[in-house]
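For reference, the structure is listed below as structure tokens.
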Amino acid sequence: MANPETPVQTNFVKQIINEHNKTGRFANRVHTRFPPEPNGYLHIGHAKSICLNFGIAQEYGGQCNLRFDDTNPVKEDVEYVDSIKEDIRWLGFDWEDREYYASDYFETLYEYALTLIRDGKAFVCELTAEEIRQYRGTLTEPGKNSPYRDRSVEENLDLFQRMRSGEFPDGSRTLRAKVDMASPNLNMRDPVMYRILRAHHHRTGDAWCIYPTYDWAHGQSDSIEGITHSICTLEFEDHRPLYDWYVDQLGIHHPQQIEFARLNVTYLVMSKRKLLRLVQEGIVDGWDDPRMPTISGLRRRGFTPASVRDFAERVGVAKKESTIDMALLEHCVREDLNAHAWRVMGVLDPLKVVITNFPEGETEQLEAVNNPEDESSGVRSVPFTRELYIEREDFMEDPPGKFFRLAPGREVRLRYAYIIKCEEVIKDADGSITELRCTYDAETRSGMPQANRKVKGTLHWVSATEAIEAEVRLYDQLFSKEDPGDTDEGLDFLSNLNPDSLQVIRAMVEPSLAEAMPGKHFQFERKGYFTVDTRYSKPGTPVFNRTVTLRDTWAKVNKQ
RNA sequence: UGGGGCGUAGCCAAGCGGUAAGGCAUCGGCCUUUGGAGCCGACACGCGCAGGUUCGAAUCCUGCCGCCCCAGCCA
């Protein structure tokens, strides 16, 4: 690529690339890849990697491939490849026609293996899995050579071909690279390249009964695709010498592997194993449950692609293992939704208010702004009637000093409407409040001169007779500990589940919401951002997922 | 105790020998018909610790300490 731009905002990966461009190692070419294994749904950690890989390609005028690392048929499935593609597209990235699969290279990989065998660099081993482990040695003691290590090239060639043709039972033989059993790096102690495995592969079907291991497949796949920078996570750092060894032995294009620290976020579990358990044990409502840190879960919860990309940008890229504060993720959605979500009013916990001096049976249409952050979003009308609902928590019979809301004898403003005064509190036999009797000041409708009168607070409200009922799902963290993996003796992460992570309620919302489209985002004024559920919502009976609450300084003050 | 990494604020993260960017969080104030948003301000005499080199060190050297990863025919 000619004249790649040097990005202003830097990180160590870009610095390495800049250095390569300076020395011309890859002829100023930048070609990355995102290599998911299709054995689970993508999560926010993958989003970081996707943004990094596609982002870097974009910045340097290069390309990023999508490559499924499908070398282990027992765990992989097309369901996962479909979801992965959908999620990457949703995030806003495009791999164009570069959709590849490691399984596309099985034949080439096989040829490469033959080359290593011919060069005396690989051999067919008949040690069992257990024996291989014993021969490998330990962290502090060197391993021992396999008794099969010195077979002739001819014998190895013959045996390997017979492995492929299915002459041997599963697990009975492996093809191993001849590196160094005394290496202090265990990955170099004659690593396995192929295992015999009779499993149906989601793409190659039953064509193969030998499958390449990650180490043998990954670097060569990168090389075949002309990848320049193979970005992966820290745990592969120890594999880099082997990555380098394979491409060097083969004498093929040599990409640079670069490792960065994977993303961790407080209150979230990120391992595919744990996420799978949550799904399989029915603890959540599938991979896209709005409490899941999966991309599909975040999407259903109401996160936007821009907010996730912004988050990925803000967490940075480094080699230090870190755990990002959940508050940053929440900040990113709020920022995006604040700018784009239309405001509406919805009362989550209704308390009836009767405006005693407002005519019975009359409906007044009042004008409400759709989004104060965006003039072009216009206005809508909301019906005002004699009977209303306000939020139960917006009234207190005996309020503390800093309470700005409604109380006996106090005035408060109803958003877009009038200033009302609480005249009487009606209770049932148990003493709980069932209704408030208020009067309104007809001169204070929004827009009127008298409307500027100072009152302590403004409440959201809804017409009791015109509002519609809607299901609202209030979500909280799935886990009650910042580190869900921090458990007591003998317990696993499930012991840290938050029993109140989902609360389903019936709320009263303004009538304009009746036909709200699934996936559409709203701000329920003073309460939070809500998104119409894509699974359970139906025209006329909307279901809302609470994406995130609004920042609530009152709640903070109240707690102290 | 072999090898590979990493330590800068509560959480991230720039910095690359010339005297500690930025974001989130937090705390003040202003403004506000969302206790939202916005705006202004505060927030490391200090860069894991201890020595050393230098006119000058978070940056270079030495030695410690702490944390993470590796003994799958998973990726």
Side-chain angles (χ1 to χ4, degrees), chain A residues 9-11 15 35-37 39 69 71-72 74-75 125 127-129 132-134 136-143 170-176 183-189 191-197 210-211 213-215 217-218 232-241 259 261 266 272-273 313-332 334-335 338-339 343 345 369 372-373 402-405 413-417 419 444 446-447 451-460 523-529 549-558:
Chain A
Q9 173 62 47
T10 188
N11 61 49
Q15 287 185 353
E37 182 188 9
N39 70 342
D69 219 334
T71 56
N72 185 6
V74 310
K75 289 185 176 176
C125 184
L127 253 23
T128 64
I132 286 182
R133 190 180 318 135
Q134 282 162 1
R136 185 153 34 223
T138 68
L139 295 178
T140 51
E141 301 156 22
D170 285 12
S172 63
R173 270 153 240 242
T174 55
L175 182 73
R176 295 225 262 161
S183 171
N185 180 345
L186 304 213
N187 295 120
M188 302 299 270
R189 322 246 260 227
V192 170
M193 296 166 63
Y194 279 95
R195 69 273 207 182
I196 302 175
L197 194 60
I210 57 172
Y211 289 95
T213 56
Y214 165 84
D215 284 309
H218 202 91
C232 61
T233 43
L234 252 30
E235 66 270 27
F236 292 104
E237 209 150 19
D238 285 339
H239 294 244
R240 183 163 18 114
E259 312 84 12
T266 55
K272 281 191 189 173
R273 201 198 103 250
E313 185 63 39
R314 292 193 196 214
V315 298
V317 180
K319 299 195 73 151
K320 184 171 82 171
E321 300 198 51
S322 61
T323 302
I324 278 43
D325 193 330
M326 182 70 204
L328 179 60
L329 218 205
E330 295 185 338
H331 173 265
C332 291
R334 286 196 187 105
E335 191 173 72
N338 175 54
R343 273 59 171 171
M345 292 194 285
V369 170
E373 308 292 323
K402 281 286 199 337
F403 189 79
F404 301 158
R405 285 110 95 142
R413 186 191 309 277
L414 292 184
R415 180 126 239 234
Y416 307 121
I419 291 173
T444 58
S446 285
N452 293 328
R453 241 173 65 203
K454 284 286 175 204
V455 286
K456 333 174 195 298
T458 301
L459 307 186
H460 61 281
Q523 182 195 101
F524 285 13
E525 295 210 37
R526 304 209 308 135
K527 298 306 312 182
Y529 294 98
T549 60
L550 247 32
R551 283 191 64 203
D552 188 349
T553 51
W554 163 245
K556 221 175 285 174
V557 170
N558 208 18

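Residue numbers begin at 1 in each chain, while the letters A, B, ... track the order of the sequences. Just so it is clear, the model here is predicted, and its values are computed rather than measured.
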Inset, instruction - Pick base, sugar-phosphate or nothing for A:Ala339, based on heavy-atom distances below 4.0 Å to the nucleic acid. - result: nothing
Legend entry - 5' priority, RNA chain B, between A:Asp325 and A:Leu414 [closest heavy atom]: A:Asp325
Inset, instruction - Take the protein atom CG of A:Asn11 and the nucleotide atom P of B:rG23, then report the distance between them rounded to whole Å. - result: 19 Å
Inset, instruction - Take atom CD of A:Glu259 and atom P of B:rG4, then tell me their distance rounded to the nearest Å. - result: 13 Å
Legend entry - B:rC47 and B:rA9, which share atom name C1', separated by this distance in whole Å: 10 Å
Legend entry - P spacing across the pair B:rC60 / B:rG5, given as an integer number of angstrom: 16 Å
Legend entry - B:rA58 to B:rC45 separation - P atoms, rounded to the nearest Å: 13 Å
Inset, instruction - Tell me whether B:rG72 sits syn or anti, counting syn as a glycosidic angle within 90° of 0. - result: syn
Inset, instruction - Remember a base hit wins even if backbone is also touched, and classify A:Val317 as base, sugar-phosphate or nothing at under 4.0 Å, heavy atoms. - result: sugar-phosphate
Legend entry - B:rA50 - base-pair partner by Watson-Crick or wobble geometry, distances under 3.5 Å: B:rU62
Inset, instruction - Quote, to the nearest angstrom, the P distance that separates B:rG63 from B:rA13. - result: 28 Å
Inset, instruction - Could you tell me which residues satisfy side chain to side chain donor-acceptor pair (under 3.5 Å) with A:Ser172, sequence neighbours excluded, listed by chain and number? - result: none
Legend entry - Whole-Å distance separating the NZ atom of A:Lys320 from the C1' atom of B:rA13: 8 Å
Inset, instruction - Using the C1' atoms only, state how far B:rC69 lies from B:rG36, rounded to an integer number of Å. - result: 44 Å
Legend entry - For atom CE of A:Met326 and atom C1' of B:rG10, their distance in whole Å: 17 Å
Inset, instruction - With rounding to the nearest 0.5 Å, note down the distance linking NZ in A:Lys456 to CZ in A:Arg405. - result: 14.0 Å
Legend entry - B:rC45 pairs with, by Watson-Crick or G-U criteria that keep both distances under 3.5 Å: none
Legend entry - Residues which pass side-chain contact (heavy atoms from CB on, under 4.5 Å) with A:Pro142, listed by chain and number, not counting sequence neighbours: A:Ala182
Legend entry - For A:Thr458, side-chain contact (heavy atoms from CB on, under 4.5 Å) partners two or more places apart: A:Arg413, A:Arg415
Legend entry - Residue list, side chain to side chain donor-acceptor pair (under 3.5 Å) with A:Asp170, at least two apart or on another chain: A:Arg198
Legend entry - Whole angstrom value for the distance that separates C1' of B:rA14 from CD of A:Glu313: 13 Å
Inset, instruction - Could you list the residues that satisfy side-chain contact (heavy atoms from CB on, under 4.5 Å) with A:Asn72, not counting sequence neighbours? - result: A:Glu37, A:Val74, A:Lys75, A:Glu76, A:Arg195, A:Leu197
Inset, instruction - Sort out the partner of B:rC73 for me: Watson-Crick or G-U wobble, both distances under 3.5 Å, none otherwise. - result: none
Legend entry - Backbone of A:Ile419 reached by a side-chain donor or acceptor of A:Thr444 within 3.5 Å: yes
Inset, instruction - State which residues pass side chain to side chain donor-acceptor pair (under 3.5 Å) with A:Asp69; sequence neighbours excluded, sorted by chain then number. - result: A:His218
Legend entry - Residues in side chain to side chain donor-acceptor pair (under 3.5 Å) contact with A:Asp238, at least two apart in sequence or another chain: none
Legend entry - Rounded P spacing from B:rC12 to B:rA25 in Å: 15 Å
Inset, instruction - Quote, to the nearest angstrom, the C1' distance that separates B:rG10 from B:rC27. - result: 13 Å
Inset, instruction - May I ask you to decide if A:Leu329's main-chain N or O and A:Arg314's side chain share a donor-acceptor pair within less than 3.5 Å? - result: no
Legend entry - P atoms of B:rU59 and B:rG48, separation to the nearest Å: 8 Å
Inset, instruction - Let me have a per-nucleotide readout for nucleotides 64-75 of chain B, 5' to 3', with B, S or -, counting only protein heavy atoms under 4.0 Å. - result: ----SBBBSBSB
Legend entry - A:Ser446, nearest nucleotide to its side chain (from B:rU33, B:rC12, B:rC11): B:rU33
Inset, instruction - Check the surroundings of atom CD in A:Glu313: do more than 12 heavy atoms from other residues, nucleotides or ligands lie under 6.0 Å from it? - result: no
Legend entry - Nucleotide paired to B:rC31 in any strand shown, Watson-Crick or G-U, under 3.5 Å: none
Inset, instruction - Sugar-phosphate means primed atoms, P, OP1 and OP2; the rest is base. With that split, encode nucleotides 34-40 of chain B 5' to 3' as B, S or - using protein heavy atoms under 4.0 Å. - result: BBBS---
